[in-house]
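What follows is a set of notes on a single structure, which appears directly below.
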Number of protein chains: 2
Amino acid sequence: MGATIKDVAKLAGTSTATVSKVMNGSYSISQETADKVRKAMEELDYHPNLRAKNFARQSARTIIFVAELGKGTGFANPQMFEILCGLEEVLAQKDYTLVVRNIAAGDCAEFIRNAADTKQADGFVIHASVISQALDELLFTHEIPHIVIGNPNFNSHFCWLDIDNRLAGELAAKHLLERGCQSVAFIGGKPEDQISARRLDGVLTVLKEHDVLLPREYVKKGESVCDSGYRMTMQILENRRRPDALVCADNYIAYGCVNALHDRGILIPEEMKVITFDDFPFSQILKPMLSVVNIDVYDMGVQAGKYILQKIKRPNLYVQSHITFPTLIIREST
Amino acid sequence: MGATIKDVAKLAGTSTATVSKVMNGSYSISQETADKVRKAMEELDYHPNLRAKNFARQSARTIIFVAELGKGTGFANPQMFEILCGLEEVLAQKDYTLVVRNIAAGDCAEFIRNAADTKQADGFVIHASVISQALDELLFTHEIPHIVIGNPNFNSHFCWLDIDNRLAGELAAKHLLERGCQSVAFIGGKPEDQISARRLDGVLTVLKEHDVLLPREYVKKGESVCDSGYRMTMQILENRRRPDALVCADNYIAYGCVNALHDRGILIPEEMKVITFDDFPFSQILKPMLSVVNIDVYDMGVQAGKYILQKIKRPNLYVQSHITFPTLIIREST
DNA sequence: ATGAAAGCGCTAACAA
DNA sequence: TTGTTAGCGCTTTCAT
């Protein structure tokens, strides 16, 4: 065990209170004693015990990141990790500790209640996959600092942070317009896939504004996997009039799409422009390299961290929704 | 703030010590008082303050995962997250808290020293990217429970856990042999890439045993990117005699390799078998789906967790190296 | 400007 | 079987 505040006080010939004051930069300490204390600290190689400090202060200086983890999450959802990294950056900078906790959606409210109750953490960053009405109520009535990553799909008091997928769709469409596209098709995920739907929505809005048509048969909904993207692309190519641009709802679909175009001998981007969303995992590697509307998920983590810290400092602050903005990355496919 | 142990004691008409004993299942408590205490707890909705408990016990029940994080890590290294998930599973089960901490290699020793000193954590799981001689010495002399993820490339006292890449290479080669391959080529990463080198080593061992040749011109070293894989494959195809199987050192190389074969109109697996390592990110999605020698990285996290917990319990236990075994996943490409 | 002392909530000897 | 009491290492109030 290292030196404690007592040891420092003894060596410096002061009281522990004085040492504490020196550490915390109190103005009511003379330069002289401050120097003495600091010298003693150095000599003893003193490092204050964070846990004791937090305990005394009745604050944990800890944020818990709560999500449904499990085998495969790392590969299936690298974004979550990326967010985590961004979060860590902000928290570490302010000397906050980040703990990661896997929890099933059903147990989440109970877990957070207990953790908040026993002051294990000052705040929570919660992945949308584990939220519930019960949790909403808990967080709201107990005024527990939190931020949800992802837009809750029910009415709630949650404070949340999400991507503006509609805007992302708009950006994609605008870019294609600028490239001179006259007719655009959209191949998306399942009908109930909110993200895909919002992206389509944004695309439609812009196209309508510019009187570019996107007829019914140019909108396909399938699954977020390569094969489905392949099939949907083939279907679109069956139309007598072929579009000159394809918006793919995500990377997996885009991969199938590119394969289909390749098999048909259709040149990208000369004969067909292709654009998709999110800068991973294929967009940077596929040939041609795909233009994408990207979300800076690391930055989402940073934002989440900043918010939660603010919320802890000023609990009366209440901002319900935070949106992060997508940006366009132009590569070979457009 | 919720009820404290004092409140419970008062309500139950006992001392706090008794309450503590009830909580911790001491045998020396009568059924009667135990019931009284438990009833009081219930009534007050008492939840013990974990931080106070740990502080009093001088134990943190916390493991810190230390690695070099940062923007892009989530995408570049999903395995790290996967390991983290496995780790969390074991720790949570034993009521340990997992904290994640980004640290530059240079600051790692200092950070861990301080964290261990002030008992912020009972143990550390350290990614090999941040280890150093100084850290080795620290961990060794202070007997700090730890496990390094990845084989240290210098002589050390570290306890570490890694994949047996040599064995992985052997498995790949054996599988090809079983498929009747007569001549195998290897396309790998940079010459200094240890992982690639060990995999090659394993391949060579098995082939030699079975008198299958792998001539010099069938071993290529490039970079772990798609383009490089493409080029290396093309080079191999230039030989007058073509191999009937290709071992790719990793997924990125394999992706380029498959592209090259496709462009040359060579059928997989009929004319050329392809096998690679790690079940991500392309192997499951590429057409054809790739056979791979896979490492269960989630399980690596689990192993790491189990070890660190054991080490905390029994500090005199010393096992330096732990190896996890790869397994073969046969898909379309062989 | 400094120090004495009372916590923070719980544990763990040691007594009783 | 139960209670008393002294910590754990630091903060903070209130004297001085």
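Below, chains carry the letters A, B, ... as their sequence lines are ordered, and counting in each starts from 1.
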Which nucleotide in the set C/dC10, D/dG9, D/dT2 lies at the smallest distance from any side-chain heavy atom of B/Ser28?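 In terms of side-chain proximity for B/Ser28, the closest of C/dC10, D/dG9, D/dT2 is D/dT2.
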Under a 3.5 Å distance rule, please check whether [X] uses its side chain to pair with a backbone N or O of [Y] as donor and acceptor.
X: A/Asn294; Y: A/Thr327; result: no
X: B/Asn114; Y: B/Phe111; result: no
X: B/Asp164; Y: B/Phe325; result: no

Between [X] and [N], does any side-chain N or O lie under 4.0 Å from OP1 or OP2?
X: A/Ser15; N: C/dG3; result: yes
X: B/Gln58; N: D/dG7; result: no
X: A/Thr18; N: C/dG3; result: yes

[atom1] of [X] versus [atom2] of [N]: gap in Å, rounded?
X: A/Arg51; N: D/dT11; atom1: CZ; atom2: P; result: 14 Å
X: B/Phe55; N: C/dT11; atom1: CZ; atom2: P; result: 13 Å
X: A/Asn24; N: D/dT13; atom1: CG; atom2: C1'; result: 15 Å
X: A/Arg57; N: D/dT11; atom1: CZ; atom2: C1'; result: 7 Å
X: B/Lys10; N: D/dT4; atom1: NZ; atom2: C1'; result: 17 Å
X: A/Ile29; N: D/dT12; atom1: CD1; atom2: P; result: 14 Å
X: B/Arg61; N: D/dC8; atom1: CZ; atom2: P; result: 22 Å
X: A/Ile5; N: C/dG3; atom1: CD1; atom2: C1'; result: 13 Å

Where along residues 30-48 of chain A does a heavy atom come under 4.0 Å from DNA chain D, residue by residue in number order?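 A/Tyr46, A/Pro48 - these, ordered by number, are the residues of the stretch whose heavy atoms sit under 4.0 Å from the strand.
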Most 5' of B/Thr14 and B/Ala52 on DNA chain D, judged by nearest nucleotide: B/Thr14
For the student: nearest non-hydrogen atoms of A/His47 and B/Asp117, plus distance: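 Taking every non-hydrogen atom into account, CD2-OD2, 4.3 Å.
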Closest approach of A/Met41 to A/Met23 (non-hydrogen atoms, all atoms of both residues):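 Nearest pair, atom of A/Met41 first, then A/Met23: CE-CG, 3.1 Å.
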Tell me what B/Asn54 touches on the nucleic acid: a base, only sugar-phosphate, or nothing, going by heavy atoms under 4.0 Å.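 B/Asn54: no heavy atom of the nucleic acid under 4.0 Å.
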Using the rule given for salt bridge (charged side-chain N to carboxylate O under 4.0 Å, His left out), can you reason through B/Arg113 versus A/Asp45, listing the C-alpha separation, both sets of side-chain angles and the distance that settles it, and then say yes or no? CA-CA 11 Å; B/Arg113 204 162 81 87; A/Asp45 192 25; 2.8 Å; yes
Aromatic plane relationship, B/Tyr307 with B/His322 - under 30° parallel, 30 to 60° tilted, over 60° perpendicular: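 Rings of B/His322 and B/Tyr307: perpendicular, as their planes differ by over 60°.
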Donor-acceptor pair (no angle test) under 3.5 Å: B/Lys21 side chain, D/dG3 base: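 Donor-acceptor pair under 3.5 Å: yes.
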